[in-house]
Amino acid sequence: MTRVEQVKRWKVTQANLERARRLLPSAPADLAADYDRLLSEYSSYLDHNELELALDMLQELGDLVPCRGGYWRNLERAAETMELHARIPYLRQRFEQTGRRNP
């Protein structure tokens, strides 16, 4: 893979992660501390180009608060771009579960 292809892949992944982050709902008061910690860690990982760790934080956030399908779809796309094939089934399952709950 050329340097240009790597940069493009990184930008696409980052865009999918950021789209997901923007879809996060607010946390209830009892979860606010964990939510804020995970969001802060996500931002730090993203700033340091640690995209897989950033994905981890968003996945934990999605497991912490109820998220819509688009959130999970963006995480799935990020995992696909990073070629994290083992992660895709879980993210796809979360997307499908969300879709069934919110037709």
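- With rounding to the nearest 0.5 Å, the separation of CG in Leu75 from CZ in Phe95 is 12.0 Å.
- Pro25 pairs by the side chain to side chain contact (heavy atoms under 4.5 Å, CB included) definition with Val65, Cys67, not counting sequence neighbours.
- By the 4.5 Å heavy-atom criterion applied to side chains, Gln97 and Trp72 are not counted as neighbours.
- Partners of Glu18 by side-chain hydrogen bond (donor to acceptor under 3.5 Å, both in side chains), not counting sequence neighbours, listed by chain and number: Arg21, Tyr42.
- Scored by the side-chain hydrogen bond (donor to acceptor under 3.5 Å, both in side chains) test, Asn16 finds Arg19 as partners (sequence neighbours excluded).
- The closest side-chain heavy-atom distance from Leu23 to Arg68 is not below 4.5 Å.
- A donor-acceptor pair under 3.5 Å is formed between the side chain of Thr98 and the backbone N or O of Arg94.
- Here OG of Ser43 is found 11.5 Å from CE of Met57. Values are rounded to the nearest 0.5 Å.
- Proximity of Leu17 to Asn74: side-chain heavy atoms (C-beta onward) are nowhere separated by under 4.5 Å.
- Here the closest non-hydrogen pair linking His48 and Ser44 is ND1-O, 2.7 Å.
- Under the 4.5 Å side-chain criterion, counting only non-hydrogen atoms from C-beta, Asp56 is in contact with Arg87.
- Hydrophobic clustering, with ILVMFWY side chains joined whenever heavy atoms are under 4.5 angstrom apart, keeps Val12 apart from Leu53.
- We find the CG-CD distance between Leu55 and Glu60 to be 10.5 Å, quoted to the nearest 0.5 Å.
- When the side-chain hydrogen bond (donor to acceptor under 3.5 Å, both in side chains) test is applied to Gln6, no partner is found at least two apart in sequence or on another chain.
- In this structure, OG1 in Thr81 is found 10.0 Å from CG in Leu51, a value given to the nearest 0.5 Å.
- In this structure the side chain of Leu58 reaches within 4.5 angstrom of the side chain of Leu61, judged on heavy atoms.
- Under the 3.5 Å distance criterion, the side-chain polar atoms of Tyr71 are left unmatched by any main-chain donor or acceptor of Pro66.
- Applying the side-chain hydrogen bond (donor to acceptor under 3.5 Å, both in side chains) rule to Arg92 yields the partners Glu76, Glu80; only residues at least two apart in sequence or on another chain are considered.
- With sequence neighbours excluded, the residues forming a salt bridge (Lys or Arg N to Asp or Glu O under 4.0 Å) with Glu83 are Arg9, listed by chain and number.
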